[in-house]
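For ligands, and for the atoms within them, numbers begin at 1 and follow the listed sequence.
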Amino acid sequence: MHLDARLIDDLSIIEGDICIIGAGAAGISMALDWISTPYKVILLEGGGFEYDDRVQELYSGKNTGQNYYPLKSARLHYFGGTTGHWGGMCSLFDPIAFQERDWVPMSGWPFSDQELIPYYKRAHGTLNLGEYEFSFNNWQQKDTSLIPLPVSPDIFWNKIWRFGMPSAVRFGTKYKDTIVNAKNIHLYTYANAVEIITNENVSAVTEVIVKNYAGKTHKVRAKHFVMASCAIQNSRLLLASGKQAPKGLGNNNDLVGRHFMEHAELKSAELWLKEPSKLKPYMRNPPNIRAELAMLPQKQAEYKILNGILSFNPLEHGRKKPPYIQSWDNEDPREDRKKTNEIEEKATRKGRFSKIFGSDKYDSFEITMRLEQVPNPLSRVTLSTEKDELGVPRANLNWAFTDMERKSARKIFEILGQQVGIAGIGRVKLLEDLQDEKETSMPASTSGGWHHMGTTRMNNDPKKGVVNSDCKIHGIENLYVAGSSCFPTGGAVNPTYTIVAISLRLSDHLKEKVKT
Ligand SMILES: Cc1cc2nc3c(=O)[nH]c(=O)nc-3n(C[C@H](O)[C@H](O)[C@H](O)COP(=O)(O)OP(=O)(O)OC[C@H]3O[C@@H](n4cnc5c(N)ncnc54)[C@H](O)[C@@H]3O)c2cc1C
């Protein structure tokens, strides 16, 4: 059922078994999983069913580090969350993403990739990804024309991406009726969580305060609370909930908001071929799959570098597309999306992926790298002294790199260049922004993927993580976090598939907990 929190009596007390804060990819995936259970689920969504600029404005904040998108337009603040704008690219985090690597500080998840496989399979359904199949070889057996670049299989492998079938799932439209019609899911729109209140010794949450611009304030009480309002908001709300804990909730060890991670996107190299090619496996192919070139984990270990993967785009298209960091610059996310779509359509003349199934061959390709980031305590979300309309301190973001990101990017491009040379098929040209070997900072043209991760990192040691391996905040018995703020490292692929998977894992955990 659905209620608009602007229209109910002021100072209402809303009660349930589980309270989920945020109805985006994480929150809706969880809520769907509770339909038809005997439990009452309160789903709090700050916005309505449509874009509302007064709600979106609550996301405004300052960037103080590496050049980043306006915080107001880097996410969407209404039912369905940022899936209203996402591209739907989904792939598995590699096993190495979960491992402790002695050359990557703060690396290692409290479980291996195997723990997530059953949840990836369930997430596959939520995201409409079709058949669960990520093996390039198996796809190649079905389509023998998928001939990959002839680089050494001892160095590179072909990693498969999946996309929604037929297109990216927009949670706000696909799941609205299911959520609204579910008897035990009580969706409140215009219900912005502004503060989390605990008992006196800060060991349990007692209620969450919600507000909206209609001037209504309500209290929500539940046995268990889940924060699913995305990585910047999750940490912002914890830091702002300081009544009983002056440093912020879950922040005894000064970790909340730190280790903010993105995926660095670099358009810093070109592939020039002797013979024109379609590079078919790397374009979208039926039934909506695509490969990227990734470096084997043993080679990452040998070179002591981060994980980065490579995509290829015909150069004549790529050159017409500035890096996203230069074009996604409007405070209004709808304007940014429109502009980006227009640029992409112009670049490919007929539309973003029109060439893929065509016969065109090209002799030059832009190479884009998506690179994981070192979990860096200086890369962080903090609170501003300025407050939003509902009285919550705004977020400041300091996106910061170490010197390992640039070194890793250069190395991966260099090894690809060697391999292309050895295969005798052409050359790789490293562009100016990465040429200087002595430089340690990332180029100004570095984009992000709008992937926000790490601000409530997972570790079973409270000195190293905000949440434990069940995504529960250390020291608070009934407060959980769903989504990429829990990721200890960010892998080299987009996060939403893994966000849905770990949210479903949390859902299973809570189903056991709520019985007791
Ligand atoms: C242009 C673009 C392209 C992208 N492409 C991809 C892609 O191809 N693949 C991929 O994996 N990812 C992609 N992403 C990222 C993807 O959209 C996010 O990873 C995903 O939506 C995060 O899910 P979430 O549920 O954690 O957060 P969100 O989807 O942002 O949902 C958070 C929800 O919480 C609500 N909320 C916030 N604060 C409060 C509060 N205080 N009280 C109540 N409710 C609140 C919000 O209104 C929202 O509904 C893209 C993002 C953008 C912007």
Participant: Within 45° of the six-membered ring axis of W328 and under 6.0 Å from that ring's centre, is NZ or CZ of K339 located there?
Facilitator: no
Participant: Does any N or O of ligand 1 fall below 3.5 Å from an N or O anywhere on G87, backbone included?
Facilitator: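 For ligand 1, there is an N or O atom that lies under 3.5 Å from one belonging to G87.
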Participant: Could you tell me whether Y497 and H124 have their ring centroids closer than 6.0 angstrom?
Facilitator: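 Yes, ring centres under 6.0 Å apart.
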Participant: In ligand 1, which numbered atoms sit nearer than 4.0 Å to a non-hydrogen atom of I21?
Facilitator: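 It comes down to these atoms of ligand 1: 42 (N), 43 (C).
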Participant: Check whether any N or O atom of F79, backbone or side chain, sits under 3.5 Å from an N or O atom of ligand 1, and answer yes or no.
Facilitator: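 In fact, backbone or side chain, F79 has no N or O that close.
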Participant: For the pair E115 and R505, find out whether any cationic side-chain nitrogen is under 4.0 Å from an anionic carboxylate oxygen.
Facilitator: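 Salt bridge flag = yes for R505 with E115.
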Participant: Would E331 and S60 count as a side-chain contact (heavy atoms from CB on, under 4.5 Å) if you check the C-alpha gap in whole Å, the side-chain angles of each, and the deciding distance to 0.1 Å?
Facilitator: CA-CA 8 Å; E331 290 281 326; S60 287; 4.2 Å; yes
Participant: Could you list the atoms of ligand 1 found under 4.0 angstrom from a heavy atom of G46?
Facilitator: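 Near G46, the atoms of ligand 1 are 43 (C), 44 (N), 45 (C).
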Participant: Does L44 approach ligand 1 within less than 4.0 angstrom via side chain, backbone, both or neither, non-hydrogen atoms only?
Facilitator: backbone
Participant: With backbone taken as N, CA, C and O and side chain as the heavy atoms from C-beta onward, which portion of A23 lies under 4.0 Å from ligand 1: side chain, backbone, both, or neither?
Facilitator: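 It is the backbone that touches ligand 1; the side chain stays farther off.
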Participant: Answer yes or no: is there a side-chain heavy-atom contact under 4.5 Å between D336 and W450?
Facilitator: no
Participant: Quick test of your reading of the structure: of A193, C230, P333, G24, whose heavy atom lies closest to atom 27 (O) of ligand 1?
Facilitator: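 The residue whose heavy atom sits nearest atom 27 (O) of ligand 1 is C230.
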Participant: Between K511 and D33, is the closest basic N to carboxylate O distance under 4.0 Å?
Facilitator: yes
Participant: What part of A168, side chain from CB on, backbone N/CA/C/O, both or neither, has a heavy atom under 4.0 Å from ligand 1?
Facilitator: neither
Participant: Would you say D10's side chain and T217's backbone share a donor-acceptor pair under 3.5 angstrom?
Facilitator: yes
Participant: I'd like to check which ligand 1 atoms, numbered from 1 as shown, lie under 4.0 Å from a non-hydrogen atom of T83.
Facilitator: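 Near T83, the atoms of ligand 1 are 21 (O).
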Participant: Below a 4.0 angstrom heavy-atom separation, can you tell me which part of H452, side chain or backbone, both or neither, approaches ligand 1?
Facilitator: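 It is neither; nothing of H452 touches ligand 1.
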Participant: Is it the case that ligand 1 has an N or O less than 3.5 angstrom from some N or O of S484?
Facilitator: no
Participant: R337 heavy atoms, cut-off 4.0 Å: which ligand 1 atoms fall inside?
Facilitator: 1 (C)
Participant: Do C90 and L127 make a side-chain contact, defined as non-hydrogen atoms from C-beta onward lying under 4.5 Å apart?
Facilitator: yes
Participant: Check whether NZ of the Lys or CZ of the Arg R75 lies under 6.0 Å from the centre of the six-membered ring of Y59 and within 45 degrees of that ring's axis.
Facilitator: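 Judged by the rule (NZ or CZ under 6.0 Å from the ring centre, within 45° of its axis), R75 counts as positioned above Y59.
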Participant: Would you say ligand 1 has an N or O under 3.5 Å from any N or O of G449?
Facilitator: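 No, there is no polar N/O contact under 3.5 Å.
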Participant: Heavy-atom distances under 4.0 Å decide this one: backbone, side chain, both or neither, for Y59 against ligand 1?
Facilitator: side chain
Participant: Give the single entry among I20, T82, V194, L237 that approaches atom 28 (P) of ligand 1 most closely by any heavy atom.
Facilitator: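 Minimum heavy-atom distance to atom 28 (P) of ligand 1 goes to T82.
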Participant: Has ligand 1 got any nitrogen or oxygen that is less than 3.5 angstrom from a nitrogen or oxygen of W328?
Facilitator: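 Such a contact does not occur with ligand 1.
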Participant: With heavy atoms only and a cut-off of under 4.0 Å, state how A228 meets ligand 1: side chain, backbone, both or neither.
Facilitator: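 The answer is the backbone of A228.
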Participant: Enumerate the atoms of ligand 1 whose separation from the nearest heavy atom of I499 is less than 4.0 angstrom.
Facilitator: 19 (O), 22 (C)
Participant: Backbone or side chain, does any N or O of A25 fall under 3.5 Å from an N or O of ligand 1?
Facilitator: yes
Participant: Determine whether a donor-acceptor pair (N or O, by modelled atom type, separation under 3.5 Å) exists between the side chain of E405 and the backbone of V374.
Facilitator: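 Yes.
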Participant: With respect to Q233, determine whether any N or O atom, backbone or side chain, lies less than 3.5 Å from an N or O atom of ligand 1.
Facilitator: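 Yes: some nitrogen or oxygen of Q233 is under 3.5 Å from one in ligand 1.
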Participant: If you measure every N or O of R75 against every N or O of ligand 1, does any of those distances drop under 3.5 Å?
Facilitator: no
Participant: So is there a nitrogen or oxygen of W86 less than 3.5 Å from a nitrogen or oxygen in ligand 1?
Facilitator: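 Not met; the criterion fails.
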Participant: Hey, does G88 come in under 3.5 Å of ligand 1, counting only N/O atoms on both sides?
Facilitator: yes
